[in-house]
Q: 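One structure is given below, represented as structure tokens, and several questions about it will come after.
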Amino acid sequence: MSATARKSAPLPDDIRAMKGGTPIVSLTAYTTPMAQMMDTHCDFVLVGDSVGMVLHGLPSTLGVTMDMMVMHGKAVARGLTSAMMVIDMPFGSYEEGPEQAFRNAARLMSETNAGAVKLEGGVAMADTIAFLVARGIPVMAHIGLTPQSINTLGGYKVQGRGDAAATLIADAKAVADAGAFAVVLEKVPETLANQITEAVDIPTIGIGASAGCDGQILVVDDMLGLFTAFKAKFVKRYAELGVDGETAIAAYAEDVRARRFPGPEHVFGDAVPGAKT
Ligand code: KIV
């Protein structure tokens, strides 16, 4: 599907149908202007719980709340017309069981107008995914490095090396069988990403999982160089907006202190009869 030729946002089934074709393009977004920038270039936009780290300065995604996701989801929805919006279920909003997950997923969908939710987990979340899908909520799964579980995964490590590969393949099959329309694979070795992509009939969306996946996603603040606290190996920086922004702010500060700003072109004259401004 060509994003520029599209007349309306794709549905989860359209994304599913892109398996094995032109790679699916996706980025995260948290605000209206960012969503507007990527709308015609992405097949889907994720309101990721990474918002907690990149916009709110939290040390991990664990402190992100439903209210934060609803607020950022509404903002992103205002900026999209061509791309589908997927929204993350935050930590603690779905793990208790299918009913809790449904309640919170329904709130995210109805208050933000998202087309689907994303949740983290494989075999352990299969029943919950099936419950949501059977009740009208499209689900994107997320396996491999699942940041909401960093405390049990032992940090932001590559997942699925050695014997752990079989577990991840089982996770991918479980979420596909449960009805997920796509699965994010985060930080897994290339060979395993290829095996999983072949093993399931839903698209794999890679982040640190090689070009063998059916699509790619990056955190937008990472690829624009706005989030600079650390840079994962899998991030390609397409711009250095953090550096450029600080340079601009320093120039503004110097101009103000030297009385170079505001200049004559920024100043209002005395009122003239009939003038509009
Ligand atoms: O929250 C997020 O940004 C994500 C992506 C890294 C896939 O889940």
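Just the heavy atoms: all of them, side chains too, but no hydrogens, waters or symmetry mates, feed the values below. For ligands, and for the atoms within them, numbers begin at 1 and follow the listed sequence. A quick note: this is a predicted structure, and the numbers were derived from the prediction, not measured.
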Q: Under the ring pair (Phe, Tyr, Trp, His ring centres under 6.0 Å) rule, what pairs show up with a residue in residues 162-187, not counting sequence neighbours?
A: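 Passing the test, one end in residues 162-187: no pairs.
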Q: If you look at every heavy atom in A126 and A174, which pair is closest and at what distance?
A: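 Between these two residues, the closest heavy atoms are CB-O, 4.0 Å.
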Q: Which residue pairs pass the ring pair (Phe, Tyr, Trp, His ring centres under 6.0 Å) test when at least one of the two sits in residues 129-167, sequence neighbours left out?
A: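 Listed by first then second residue: nothing to list.
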Q: Does either side chain, that of D214 or that of T197, offer a donor lying less than 3.5 Å from an acceptor on the other one?
A: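 Their side chains do not contain a donor-acceptor pair, so the 3.5 Å distance test is not met.
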Q: Do any pairs count as a ring pair (Phe, Tyr, Trp, His ring centres under 6.0 Å) and have a residue in residues 184-238, sequence neighbours left out, and if so which ones?
A: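 Residue pairs with at least one partner in residues 184-238: F227-F230.
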Q: Taking the inter-plane angle between the rings of F261 and H266 on a 0 to 90° scale, is it parallel (under 30°), tilted (30 to 60°) or perpendicular (over 60°)?
A: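 Geometry flag for H266 against F261: tilted rings.
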Q: Taking a 3.5 Å cut-off between nitrogen or oxygen atoms, can you list every pair linking ligand 1 to the protein, with distances?
A:
| residue | atom | partner | partner atom | Å |
| --- | --- | --- | --- | --- |
| ligand 1 | 1 (O) | D49 | N | 3.1 |
| ligand 1 | 1 (O) | D49 | OD1 | 2.9 |
| ligand 1 | 1 (O) | S50 | N | 3.0 |
| ligand 1 | 1 (O) | S50 | OG | 3.3 |
| ligand 1 | 1 (O) | D88 | OD2 | 3.1 |
| ligand 1 | 3 (O) | S50 | OG | 2.5 |
| ligand 1 | 8 (O) | K118 | NZ | 2.8 |

